[in-house]
Amino acid sequence: MFELREPSFELAELLGRPADEARRRCEEDGFFVQIVDLGRTDALTLDLRLDRIRLLTRHGKVERVSPG
């Protein structure tokens, strides 16, 4: 069966960091990154991508991280 790929670092390390810095960290690890501005977006797609990490941001800082 398909499983989410685990990053080589703890996703919690990204919390509070600038979005660009967090994006680079994820991309260096081979993930597709989607940045979502919580101040502008109320809806997200429910599709599952095993190679994606969503960075949910507010004012340019990561508030939440969602794999898949």
Side-chain angles (χ1 to χ4, degrees):
M1 202 69 192
F2 298 105
E3 292 183 26
L4 287 174
R5 199 176 113 229
E6 294 294 326
S8 64
F9 57 93
E10 294 293 324
L11 291 176
E13 294 175 23
L14 303 175
L15 298 176
R17 293 187 181 223
D20 289 339
E21 180 183 321
R23 174 195 289 270
R24 274 193 304 278
R25 179 70 176 103
C26 295
E27 288 176 344
E28 287 171 0
D29 214 32
F31 285 91
F32 171 77
V33 179
Q34 181 181 23
I35 295 178
V36 178
D37 183 342
L38 294 171
R40 296 182 179 195
T41 305
D42 351 317
L44 296 174
T45 61
L46 296 177
D47 64 318
L48 177 63
R49 282 192 62 166
L50 302 175
D51 65 339
R52 175 177 59 206
I53 293 178
R54 279 190 175 134
L55 302 173
L56 299 118
T57 67
R58 192 176 313 271
H59 305 295
K61 303 277 185 183
V62 177
E63 272 193 15
R64 288 185 282 165
V65 180
S66 174

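When reading the values below, keep in mind they use all heavy atoms of this one structure, side chains included, and skip hydrogens, waters and symmetry mates. Model, not experiment: these values are computed from the prediction.
Of all non-hydrogen atoms in F31 and E6, the two that sit nearest each other are CZ-C, 4.1 Å.
The SG atom of C26 sits 11.5 Å away from atom CG of D51, with the distance rounded to the nearest 0.5 Å.
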In residues 14-25, what donor-acceptor pairs under 3.5 Å come from side-chain atoms, sequence neighbours left out?
| unit_1 | atom_1 | unit_2 | atom_2 | d |
| --- | --- | --- | --- | --- |
| R17 | NE | E13 | O | 2.8 |
| R17 | NH1 | E21 | OE2 | 2.7 |
| R23 | NH1 | E27 | OE2 | 3.4 |

Name every donor-acceptor pair, under 3.5 Å, that has one atom in a side chain of residues 59-68 and the other anywhere in the protein, sequence neighbours excluded.
| unit_1 | atom_1 | unit_2 | atom_2 | d |
| --- | --- | --- | --- | --- |
| E63 | OE2 | R58 | NE | 2.8 |

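With a 4.5 Å cut-off between side-chain heavy atoms of Ile, Leu, Val, Met, Phe, Trp and Tyr, the cluster of F32 takes in none.
With sequence neighbours left out, D29 forms a salt bridge (charged side-chain N to carboxylate O under 4.0 Å, His left out) with no residue at all. In this view, D37 satisfies the side chain to side chain donor-acceptor pair (under 3.5 Å) rule with no residue, not counting sequence neighbours. L46 is linked by a side chain to side chain contact (heavy atoms under 4.5 Å, CB included) to nothing, counting only residues two or more places apart in sequence or in another chain.
No continuous path of ILVMFWY side-chain contacts below 4.5 Å connects F9 to L56, so the two sit in separate hydrophobic clusters.
Side-chain contact between L55 and V36: absent, with no pair of heavy atoms (C-beta onward) separated by less than 4.5 Å.
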